[in-house]
Amino acid sequence: MEFLKEIPKIKFEGSKSKNPFAFKYYNPEEKVLGKKMKEHLKFSMAYWHTLVADGTDPFGDATMERPWDELNKNPMKRAKTRVKVAFEFMEKLGLEYFCFHDRDIAPEGETLAETNKNLDEIVDVIEAEMKRTGIKLLWGTANLFSNKRFVNGASTSPNADIFAFAGAQVKKAMEITKRLNGAGYTFWGGREGYETLLNTDMKLEQDNFARFLHMAVDYAKEIGFTGQFYIEPKPKEPTKHQYDFDSATVLAFLRKYDLMGTFKLNIETNHATLATHTMNHEIRLAVDNDALGSVDANQGDLLLGWDTDQFPTDIYNTALTMYEIIRGGGFNTGGLNFDAKVRRSSFTVEDLIYAHIAGMDAYAAGLKIAAKLWEDQVLEDNLSKRYASYNEGIGKDIVNGKVGFKELAEYINDKKDLQVNESGRQELLESIINQYIIG
Ligand code: XLS
Ligand code: NI
Ligand code: NI
């Protein structure tokens, strides 16, 4: 049965097209820097936003009544139908990857065993659809935050039974991710954080979180899961202090607990905003530490302090994000996952398509801008000039670890002609970026 009959297959028509059901910039087969656009971008659909979110907010009811959900009140039947819709949806858009939480795809039973049985039944359907379409799993994950048992966190809960429950849940989520050949597995620290230190043993909670991750690594070895593990930083929401605050915090955590190398980062644009960083800052840090894994592509609202998960349409941002990704050598196991939802008032099925087109076009345009910037090496040339004093003389000795404070003092004490500082040229660089964006 076709659920999206009214929606045509979305094709590239170019920037002059007025057809809302067409790509203006995303031309999947077009080569950029010797690689197809679709291979650079590796777009992925987020199951939770596209199939599950219904527009509910703290002040209002669901606004998105999907015709296919209306057909099935039975939760298992509904879950199966959603799988069919998901794959039809991805086929229409040419999305070659998807991501999901265990609880997005199948309803919970009364016990974990029952829940796992439900999962297996739905995974059968997903597996068949993946085979039929060739669509792949970018990463899987477990929802360790919605159910009320996770009120105080999962692996950082003060209650050991909840830690155990979370472990068993992740065990199963890893098994199904492996079964579906997932390229990665993500840990986003749902409620791993705290509200007040008055009732929190932060050290024990963080140690436990690390123990939990080590258990995941051990279990991956045991079952032969070779996908990449990711941690997704976020500074706040739902808890006031999320332990995985930002790239820098997560990198320090990974180092402290001997998890560096085993985990890479899944960086989300809106989370960077919440951490008062730019997305390019977050990616640059990951790349510099050999830890860039994947990206949750969305955008926040700079006037709001929460995770609005909007579709990415800001070209300035997509261009600089793609620049950092290209600079870092591109994705390996990761991709651009649209962890983004349509606004509550964009409640039709067409809106879901328009939103993905908008995001895919914004990233395709960003990619082309970034590729040109990279090809011309404008920013890189500026960098090498700005830091040239470290290529020779005392600068070279500093970099090579050949000098200490004593030698620095000997070198500088009697020196009269200190090198002059040069302008940082920020505004010039910003106007050059604009030239690349506007063309
Ligand atoms: C929430 C996170 C979440 C993860 C997956 O803010 O972005 O959606 O990506 O658990
Ligand atoms: Ni995310
Ligand atoms: Ni988010």
Side-chain angles (χ1 to χ4, degrees), residues 42-54 56-57 97-105 137-147 150 153-156 166 169-170 173-174 176-177 182-193 209 212-213 216 227-247 249-250 263-277 279 282-283 286 292-302 304-312 317 321 333-343 355 359:
K42 294 177 70 185
F43 289 128
S44 150
M45 182 199 77
Y47 208 98
W48 52 103
H49 286 309
T50 298
L51 278 304
V52 184
D54 61 7
T56 310
D57 79 3
Y97 299 87
F98 69 109
C99 296
F100 69 89
H101 302 85
D102 48 3
R103 301 298 172 255
D104 303 336
I105 60 169
L137 177 60
L138 191 68
W139 49 259
T141 188
N143 179 328
L144 304 176
F145 44 92
S146 293
N147 191 289
F150 299 122
S155 67
T156 66
Q169 192 178 326
V170 169
M174 283 170 59
I176 61 179
T177 301
Y185 185 93
T186 294
F187 288 86
W188 166 59
R191 293 181 193 274
E192 313 296 31
F209 185 31
F212 194 81
L213 297 179
Q228 177 64 52
F229 280 124
Y230 306 119
I231 294 198
E232 182 177 327
K234 184 174 185 179
K236 55 187 167 189
E237 200 193 286
T239 75
K240 179 173 171 183
H241 303 276
Q242 294 279 122
Y243 290 136
D244 299 328
F245 194 94
D246 57 1
S247 289
T249 311
V250 173
F263 281 78
K264 292 195 187 293
L265 304 188
N266 177 39
I267 302 178
E268 177 165 322
T269 320
N270 204 157
H271 298 178
T273 305
L274 292 182
T276 60
H277 295 309
M279 181 61 169
E282 289 293 86
I283 298 179
L292 175 64
S294 198
V295 162
D296 271 6
N298 61 12
Q299 71 185 32
D301 186 316
L302 295 180
L304 298 174
W306 65 88
D307 199 14
T308 55
D309 285 345
Q310 290 164 232
F311 273 84
N317 213 325
T321 299
T333 48
L336 292 172
N337 172 48
F338 287 117
D339 192 351
K341 57 178 181 245
V342 285
R343 298 303 84 195

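Note that these values count all heavy atoms, side chains included, but never hydrogens, waters or copies made by symmetry. As the structure lists them, so they are numbered: ligands from 1, and atoms in each ligand from 1.
- Using cut-offs of 30° and 60° for the angle between ring planes, the His101 and Trp48 rings count as perpendicular.
- Phe263 and Phe229 have their aromatic ring centers within a separation under 6.0 angstrom.
- Residue Asn266 has no nitrogen or oxygen atom sitting less than 3.5 Å from a nitrogen or oxygen atom of ligand 1, judged on distance alone.
- Of the N or O atoms in Glu232, one or more lie within a sub-3.5 Å distance of an N or O in ligand 1.
- Counting heavy atoms from C-beta outward, Asp246 and Pro235 have side chains that stay 4.5 Å or more apart.
- Residues Asn143 and Asp102 have side chains in contact (heavy-atom distance under 4.5 Å, counting atoms from C-beta outward).
- Looking only at protein heavy atoms, the nearest one to atom 8 (O) of ligand 1 is Asp339 OD2, 2.9 Å.
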- Query: Does the side-chain contact (heavy atoms from CB on, under 4.5 Å) test come out yes or no for Asp339 and Glu232, once each step is laid out?
  - Reply: CA-CA 12 Å; Asp339 192 351; Glu232 182 177 327; 4.1 Å; yes
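- Inclusion of Thr141 in the set of residues having an N or O under 3.5 Å from an N or O of ligand 1 is not warranted.
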- Query: Between Thr269 and Gln299, is a side-chain hydrogen bond (donor to acceptor under 3.5 Å, both in side chains) present by the stated rule, with each step listed?
  - Reply: CA-CA 6 Å; Thr269 320; Gln299 71 185 32; over 6 Å; no
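- Of all the heavy atoms of Asp296, the ones lying under 4.0 Å from any atom of ligand 1 belong exclusively to the side chain.
- When only interatomic distances are considered, the shortest N/O to N/O separation between His271 and ligand 1 falls below 3.5 Å.
- Thr333 has its side chain out of reach of Trp139: every pair of non-hydrogen atoms, C-beta onward, lies at least 4.5 Å apart.
- Listed by chain and number, Glu268 OE2, His271 NE2, Asp307 OD2 are the protein N/O/S atoms closer than 2.8 Å to the Ni ion (ligand 3), with waters left out.
- Counting the atoms of ligand 1 from 1 in the order shown, those under 4.0 Å from a heavy atom of Lys234 are 1 (C), 6 (O).
- For ligand 1, the atoms sitting less than 4.0 Å from at least one non-hydrogen atom of His101 are 5 (C), 10 (O), numbered in the order shown with element in parentheses.
- Between Thr186 atom OG1 and Ile231 atom CD1 the span is 10.0 Å, to the nearest 0.5 Å.
- Contacts between Glu237 and ligand 1 below 4.0 angstrom, taking non-hydrogen atoms only, are absent altogether.
- From His271, atom NE2 reaches atom CG of Asp309 across 6.0 Å, with rounding to the nearest 0.5 Å.
- Looking at Asn266, Ile267, Asp244 one by one, the single match for side chain to side chain contact (heavy atoms under 4.5 Å, CB included) with Val250 turns out to be Asp244.
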